[in-house]
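Contents: one structure, followed by commentary.
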Amino acid sequence: MTKTLKKTLPILLSLLGVALFTFIAARAGIQPVVEALGKVGIGGFILLVIFQLIVDLGLGVAWKGAVPQLGLRRLTSARLVRDAAGACLPFSQLGGIVIGVRATLSGKDPRSLNGEELHWPEGVAANLVDITTEVLGQIAFVLLALACLAGHQGAARFIWPLMGGMAVLAIGIAGFIWTQHRGGPMVKKAAQFFGRHIASEWRDALIDNTDAFQASLEALWSRPDRIMRGAFSHFCCWLAGGFMTWCALHMLGAKADLLSAIAIEGVVCGIMSAGFLVPGALGVQEAAYVALGMIFGIDSEISLSLSLLRRGRDLLIGIPVLLFWQIVEMRRLRLAGKGKPEISVGPVPKSVKGELPRVQPKDKPVFSTSTSRAS
């Protein structure tokens with residue numbers, strides 16, 4: 001029964017999302033939406049894509065703020081792949097995280113400090129810390145958006161539910177942080193859970209090295225200044241997303257100030273977080289944009305066009321990123337098939353406070369502490 005529900009629930013939610021999207025599109029009208037999108041044009045759309053790529057670079061900087069031991073190029077590339085998987089593979093709830101971890105271990109920057117190879121415990125720990133700092137920044141951004149929304153007619157139906165949602169999310173993220181920092185047994189159980197959803201060769205590397213994984217997490221969380229730096233950088237990236245929404249609204253012909261755009265973008269992000277079970281937030285995103293737009297006097301066809309611009313932008317970036325990542329993975333598999341020796345994972349090394357411990361192959365000496373960093 002449970003397995004059947006897991007298979008059918010995403011399909012049912014997708015159908016509901018399609019129905020909601022169709023209803024919203026029918027109410028807005030196809031012709032007005034096409035006319036609104038025509039105001040943006042190819043040049044305006046490309047400009048929005050370029051701006052999003054700049055924000056993506058900022059997300060890499062935010063990640064490096066919390067995990068400075070890894071190179072900016074590696075982190076930015078991994079973040080692009082993780083977001084692309086989330087946007088283009090919506091039926092895989094854990095797929096984006098798993099692919100993001102894999103991408104953290106690959107690329108043209110295949111080694112961490114002192115020429116030592118990066119392994120699964122480090123990659124998983126780095127991704128979890130980045131996801132946590134992003135959620136912290138998102139909570140602050142949604143609260144700012146609710147403050148910008150307060151006082152507008154009809155805002156109460158969004159403010160109080162989202163305030164409650166943010167309170168629940170804050171409690172949840174606090175528990176998640178505690179689990180990463182001190183929940184060794186729970187981390188092992190989580191590793192076993194994730195292990196059931198990934199390939200066998202990845203599963204063994206993850207489950208068999210939870211001690212190294214926990215050591216990596218504790219090392220990262222031992223520097224709260226870095227964590228706060230990452231969270232603040234993510235908050236700035238969320239603000240940049242609000243600015244991009246403001247630009248898109250003006251391209252579409254809507255008269256909205258920057259604070260209104262921040263309110264719309266922040267509340268929409270909060271609603272999409274609550275509706276994460278719907279694959280691709282199909283219908284949920286469109287309904288949120290239309291409902292928020294009505295509060296600020298924005299026509300439904302413009303709000304729907306704004307949502308379509310966002311989806312088109314994500315696909316235009318995400319599909320090439322995933323294709324390039326596939327090429328990188330195929331190249332790695334070919335190299336592995338030519339007799340490249342498999343690297344096993346050795347004992348958990350001790351680490352300097354705030355430094356990410358490295359996991360060494362068994363035939364190499366155990367990691368010696370160092371404060372040098374990769375660029």
Side-chain angles (χ1 to χ4, degrees), residues 5-30 33 36-37 52 82-97 131 134-135 138-139 141-143 145-146 149 154-169 172 238 241-242 244-245 248-249 252 254 260-296 298-315 317-318:
L5 183 62
K6 286 182 179 180
K7 292 180 180 179
T8 58
L9 184 59
I11 298 175
L12 292 175
L13 291 175
S14 296
L15 292 176
L16 289 175
V18 170
L20 181 59
F21 178 86
T22 303
F23 173 77
I24 294 171
R27 288 291 301 271
I30 301 301
V33 171
L37 291 174
Q52 180 59 46
R82 196 173 80 201
D83 287 347
C88 302
L89 305 174
F91 284 93
S92 178
Q93 299 294 337
L94 299 177
I97 298 175
I131 292 171
E134 181 177 19
V135 173
Q138 183 186 25
I139 292 174
F141 178 64
V142 173
L143 292 177
L146 291 176
L149 186 63
R157 67 176 183 267
F158 292 102
I159 292 177
W160 295 113
L162 277 178
M163 285 289 287
M166 289 302 102
V168 172
L169 182 59
W238 285 110
M244 187 160 37
T245 297
L249 285 171
L252 290 166
S260 299
I262 289 175
I264 292 173
E265 185 65 18
V267 175
V268 167
C269 288
I271 293 174
M272 288 174 61
S273 297
F276 70 96
L277 288 177
V278 180
L282 184 62
V284 176
Q285 176 177 301
E286 285 72 24
Y289 272 121
V290 171
L292 265 298
M294 291 174 62
I295 292 178
F296 294 98
I298 299 173
D299 295 334
S300 58
E301 62 268 20
I302 292 180
S303 298
L304 181 57
S305 300
L306 178 63
S307 179
L308 294 177
L309 282 175
R310 178 173 179 164
R311 291 193 182 277
R313 178 202 69 198
D314 292 344
L315 290 175
I317 295 174

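On a predicted model such as this, the values are computed, not experimentally measured, just so you know.
- Contact annotation: the side chain of Met294 never approaches that of Tyr289 to less than 4.5 Å [non-hydrogen atoms, C-beta and beyond].
- The shortest heavy-atom contact between Ala254 and Ile302 is CB-CG2, 4.0 Å.
- With values rounded to the nearest 0.5 angstrom, Gln138 atom CD is found 6.0 Å from Cys269 atom SG.
- Of all non-hydrogen atoms in Ala261 and Gly242, the two that sit nearest each other are CB-O, 3.6 Å.
- Applying the side chain to side chain contact (heavy atoms under 4.5 Å, CB included) criterion to Ser300, with sequence neighbours excluded, gives Ala28, Val290.
- The CD1 atom of Ile24 sits 7.0 Å away from the CG atom of Leu304 when rounded to the nearest 0.5 Å.
- The nearest pair of heavy atoms linking Pro161 to Ala156 is CD-O, 3.9 Å.
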*Dump the intermediate steps for side chain to side chain contact (heavy atoms under 4.5 Å, CB included) on Val142 and Leu169, then the final yes or no.*
CA-CA 11 Å; Val142 173; Leu169 182 59; over 6 Å; no

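- In this structure, Phe141 CZ and Glu134 CD are separated by 12.0 Å, a value rounded to the nearest 0.5 Å.
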Quick one: side chains of residues 279-287, donor-acceptor pairs under 3.5 Å with protein atoms, not counting sequence neighbours, listed by atom name and distance.
| unit_1 | atom_1 | unit_2 | atom_2 | d |
| --- | --- | --- | --- | --- |
| Gln285 | NE2 | Ser307 | O | 3.3 |
| Gln285 | NE2 | Ser307 | OG | 2.9 |
| Glu286 | OE1 | Gly283 | N | 2.9 |
| Glu286 | OE1 | Arg311 | NH2 | 3.3 |
| Glu286 | OE2 | Ser307 | OG | 2.8 |
| Glu286 | OE2 | Arg311 | NE | 2.5 |
| Glu286 | OE2 | Arg311 | NH2 | 3.3 |

*Under the side chain to side chain contact (heavy atoms under 4.5 Å, CB included) rule, what do Leu16 and Leu12 come out as? Steps first, then yes or no, please.*
CA-CA 6 Å; Leu16 289 175; Leu12 292 175; 5.5 Å; no

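- For the atom pair CD1 (Ile298) and CD1 (Ile264), the distance works out to 4.0 Å, reported to the nearest 0.5 Å.
- Between Met166 and Met163 there is no side-chain heavy-atom pair separated by less than 4.5 Å.
- Put simply, CD1 on Ile262 and CG on Leu146 are 12.5 Å apart, with the number rounded to the nearest 0.5 Å.
- Considering every non-hydrogen atom in both Ala87 and Leu315, the closest pair reads O-CD2, 4.5 Å.
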*Determine, stepwise, if the pair Leu149 / Phe296 fulfils side chain to side chain contact (heavy atoms under 4.5 Å, CB included).*
CA-CA 9 Å; Leu149 186 63; Phe296 294 98; 3.6 Å; yes

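- Counting heavy atoms from C-beta on, the side chains of Phe158 and Val268 never come closer than 4.5 Å.
- Here Leu252 contributes atom CG and Glu301 contributes atom CD; the two are 10.0 Å apart, rounded to the nearest 0.5 Å.
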